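Note that this is a predicted model, so its numbers are computed, not measured. Both counts, for ligands and for their atoms, begin at 1 and track the order of listing. By convention here, the first residue in the shown sequence is residue 1.
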Amino acid sequence: MVPLVVEDLWKTFPRGDSPVTALRGVNLRVEHGEFIAIMGASGSGKSTLLHAVAGLTNVDSGRVLIDGQDLSELSDARLTRFRREKLGIVFQSFNLIPSLTAEDNIRLPGTSGAELDKHVDQLLERLGMQARRRHKPGALSGGEQQRIAIARALVCDPAILLADEPTGSLDSVTGQEICELLRQLCDEQQRTIVVVTHEPHVAMWADRVVVLRDGENLAEFDTRHINDPQEVASRYQSLLRVEAS
Ligand SMILES: Nc1ncnc2c1ncn2[C@@H]1O[C@H](COP(=O)(O)OP(=O)(O)OP(=O)(O)O)[C@@H](O)[C@H]1O
Ligand SMILES: [Mg+2]
C-alpha cells in the first residue's frame, strides 16, 4: 500500500471579496520509507497542502489517501483517531503548551500507561533531551523546543511524519542536527517523511524534492545523490527561472 497519495487537490480560501486559491490540482505520491521535501516560494501552498494531507483542512475537490484510506470518507471522530494512529505532525510554529513540561508535551497525544512512559523516555534520550525533560517550553531554546515538537509527533509511533519548516527558526548547526535525525528516522525505522522547506540545505537530506508554484506542481527532482546544498539551490532556481521565462 502506498502510504500517501494526493490526487488533484483544490482548495480556495474565501477571504471576503478576494478569494485565494491556494491549491490548484496538486498531485503527490510518496512511497513507504521515502523522505520528500516540498519546496516553493512563500504563498505557493506548501502549508495548505500539508494541512490537507493531515486532514486538518477541508478541500474543495480531489482526494487524500493515507494507506489507501480516503480521508474525506471518515467521520470527524474516526479522522481524529486515524490521524493519531498514522500521522505525526510538526507544525510551522511548534505549538507546544507553555504550561506543560517538555515530557508532558511529548506525552500529550498518547494515552497514559507504562508503555507510554517507556516510549517518552526513549524519545527524550534519542533526542538528547533527558536533562531538560522537566523544563517548560519557555525555558528551552528554539532547537530544544523543536526536538520536543518532533518527539510529540513520534510518540504514537506514526508511519508517516509531516513537518512544516522544521528548521525554520533554528541556527544552522541545530537545523542540521534536526535534518540528520529525520534522515535517521527514515533510514533506520523506514518512516515516510514529508518536510516542507524553502531551504536547500534541508531539502538536500530528502530523497526527492517536489516543487510547488502558485498552488500547482511545477516539477520534481531526485536528491538521493546530491550532497551539496548549492546544487539543490541551483536546480530549484533554474526550475523557477524556466517557468518564469
Ligand atoms: N486560513 C487562510 N485564510 C485565507 N487565506 C489563506 C489561509 N491560509 C493560507 N492562505 C493563503 O493561501 C496561500 C497559500 O498559503 P500557504 O500558507 O499554504 O503558503 P506557504 O507555501 O506555506 O507559504 P510560507 O512559505 O510563507 O509558509 C497564500 O496566498 C495564503 O495567503
Ligand atoms: Mg507555510
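A donor atom on one side chain and an acceptor atom on the other are found under 3.5 Å apart for Glu165 and His198. Using a 3.5 Å distance cut-off with no hydrogens or angles, the side chains of Gln184 and Glu180 do not pair a donor with an acceptor.
For the Mg ion (ligand 2), the N/O/S atoms of Ser42 include none lying under 2.8 Å.
A heavy-atom cutoff of 4.0 Å around ligand 1 is satisfied by the protein residues Phe13, Arg15, Val20, Ala22, Ala41, Ser42, Gly43, Ser44, Gly45, Lys46, Ser47, Thr48, Gln92.
Lys118 has no carboxylate O lying under 4.0 Å from a charged side-chain N of Asp121, or vice versa, which leaves the two without a salt bridge.
Formation of a donor-acceptor pair under 3.5 Å by the Asp222 side chain with backbone atoms of Arg224 is found in this model.
One hydrophobic cluster holds both Leu116 and Leu96 under the rule that ILVMFWY side chains link at heavy-atom gaps under 4.5 Å.
Connectivity analysis of hydrophobic side chains (ILVMFWY, heavy atoms under 4.5 Å, direct or indirect) links Val20 to nothing; its cluster partners are none.
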